[in-house]
**Student:** 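I am attaching a structure below and will ask some questions about it afterwards.
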Amino acid sequence: MKGTFPIEKFERLKTPFYYYDAELLRETLNTIRQEAQRHEGFCVHYAVKANANPKVLRMIREAGLGADCVSGGEIEAALRAGFPASKIVYAGVGKSDWEINLGLDNDIFCFNVESIPELEVINELATAKGKTARVAFRLNPNVGAHTHANITTGLSENKFGIPMSDMMKVIEEASHMEHVKVIGLHFHIGSQILDMGDFEALCNRVNELQTQLESHRIRLEHINVGGGLGIDYQHPNRVPLPDFRAYFDTYAKKLKLHDGQTLHFELGRAVVAQCGSLITRTLYIKEGAVKKFCIVDAGFTDLIRPALYQAYHKIENISSEQPVESYDVVGPICESTDVFAKHIDLNAAHRGDLLAIRSAGAYGEIMASGYNCRQLPVGYMSDEI
């Protein structure tokens, strides 16, 4: 079954471009809000790194989500989209001084701190401004996730977070800093996680740490478990929404929050991936010695995930209903890795046919580059074309 696309409107637009299904995005946001509100104290932030298209950001802000940022540029994008600073959290292993000052000047909700040297710099900059920075310590829980090795973040070998063994040390350090206030703990174990057992393992680790803190009479206001919930790349039409109920219920059942504690989430891919498609036009059908190539005008400059992670994206020929043939779908970039898919079945393709590369709303437009001096793709909402 193919997705439904306004092909006659697409013909007027220069390819390649990103197309965002506004109705599906609204449905996704409504489902997130409904499922999170079933549990007291659950707060959801959107991970801006997944997609910072201004129109997408505005819709997410209108739905009431906060913003999870990993750079000063993302903080600026969130503020421009209307996210209140009181709902912005700022993570990242390498925060520069100007980025920290930006967060301080706007009085953002929280800095997710990843090292003692970073904590010292935040305190120094906050002191210079006469401000108090709210911080949560990002701990590395050494919890593996059933996902691609390049997108795990919660193992000891990863660059992210503070080792659990240093938790009391950093809390002690912070207690002597007059311009830092510790308000919580932060975790994130990876991305594109579909096994709820991975989140259960994180819950167990957080429970252990909370017990350790209790033994020292330390209670923190906020626990942030990051995001990581995956989507179904194989079946974007049949499964357009992730299982948000199972995701939030896992934390509600397995994580032991103290009275008054707030639980924060940072969902990115799960919010925007399925609503976005990269629309590209067929340039040539090339008969190779052993295979047939469908050469399109999009390349890894527009969607790098297949080249970077060998990621799968469902591809549909939305211009054809002819019997299927086998193709390698490739782009025009002068690199052998510029391949979207190999040996896939498409309805017979011809020059000028439009292809939709599905589930591309996350880490698609945001990761586009100008390599080969190519123009960046434009992103359109379905209700504006």
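Start at 1 with the first residue, then count along the sequence.
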**Student:** Please tell me whether Asn237 and Arg358 have a donor and an acceptor in their side chains that are separated by less than 3.5 angstrom.
**Tutor:**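 Side-chain D/A pair, Asn237 to Arg358: present.
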**Student:** If the threshold is 4.0 Å, N to carboxylate O, is there a salt bridge linking Asp383 and Arg26?
**Tutor:**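 A salt bridge links Asp383 with Arg26.
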**Student:** Can you see whether Tyr284 has Arg351 sitting over its ring - NZ or CZ less than 6.0 Å from the centre and within 45° of the normal?
**Tutor:**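 Satisfied, under 6.0 Å and within 45°.
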**Student:** Is the shortest side-chain heavy-atom distance between Tyr90 and Ile75 below 4.5 Å?
**Tutor:**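 Yes, their side chains come closer than 4.5 Å.
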**Student:** Would Tyr20 and Asn51 count as having a side-chain donor-acceptor pair, cut-off 3.5 Å?
**Tutor:**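 Side chains of Tyr20 and Asn51: pair found under 3.5 Å.
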**Student:** State, to 0.1 Å, how close Ile231 and Pro242 come at their nearest heavy-atom pair, and which atoms those are.
**Tutor:**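 Distance-wise, the nearest heavy atoms are CG2-CG, 3.9 Å.
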**Student:** Could you tell me the separation between the CD atom of Glu27 and the CD atom of Glu23, rounded to the nearest 0.5 Å?
**Tutor:**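 Glu27 atom CD to Glu23 atom CD measures 7.0 Å (nearest 0.5 Å).
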**Student:** Identify whether the distance between the nearest side-chain nitrogen and carboxylate oxygen of Glu172 and Lys169 falls below 4.0 Å.
**Tutor:**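 So Glu172 does not pair with Lys169 through a salt bridge.
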**Student:** Without hydrogens or angle criteria, can the side chains of Arg305 and His313 be said to hold a donor-acceptor pair below 3.5 Å?
**Tutor:**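 Their side chains do contain a donor-acceptor pair, which is all the 3.5 Å distance test asks for.
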**Student:** Looking at Lys2 and Glu316, is any side-chain nitrogen of the basic one under 4.0 Å from a carboxylate oxygen of the acidic one?
**Tutor:**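 Salt bridge: no.
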**Student:** Strictly below 4.0 Å, N to O, side chains only: are Arg219 and Glu214 in salt-bridge contact?
**Tutor:**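 Counted as a salt bridge, because a side-chain N and a carboxylate O are separated by less than 4.0 Å.
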**Student:** Are any of the side-chain heavy atoms of Ile295 and Ile285 separated by less than 4.5 Å?
**Tutor:**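 Counting from C-beta outward, Ile295 and Ile285 never come under 4.5 Å.
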**Student:** In a check of salt bridge (Lys or Arg N to Asp or Glu O under 4.0 Å) between Arg374 and each of Asp302, Asp297, Asp338, which one passes?
**Tutor:**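 Looking at Asp302, Asp297, Asp338, the match for Arg374 under the salt bridge (Lys or Arg N to Asp or Glu O under 4.0 Å) is Asp302.
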**Student:** Distance-only criterion, 3.5 Å: show the donor-acceptor pairs between side-chain atoms of residues 103-113 and protein atoms not counting sequence neighbours.
**Tutor:**
{"residue": "Asp105", "atom": "OD1", "partner": "Lys129", "partner atom": "NZ", "Å": "2.8"}
{"residue": "Asn106", "atom": "ND2", "partner": "Leu102", "partner atom": "O", "Å": "2.9"}
{"residue": "Asp107", "atom": "OD1", "partner": "Arg134", "partner atom": "NH2", "Å": "3.2"}
{"residue": "Asn112", "atom": "ND2", "partner": "Glu266", "partner atom": "OE2", "Å": "3.4"}

**Student:** Do we see a donor-acceptor contact under 3.5 Å between the side chains of Gln322 and His350?
**Tutor:**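 Yes, because at least one side-chain N or O of Gln322 sits under 3.5 Å from a partner of the opposite role on His350.
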**Student:** Identify the heavy atoms of Phe83 and Gly66 that sit nearest to each other, and give their distance.
**Tutor:**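 Closest heavy-atom pair between Phe83 and Gly66: CE2-O, 3.5 Å.
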**Student:** Ignoring hydrogens and angles, state whether a donor on the side chain of His39 or Asp249 is under 3.5 Å from an acceptor on the partner side chain.
**Tutor:**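 A donor-acceptor contact under 3.5 Å links the two side chains.
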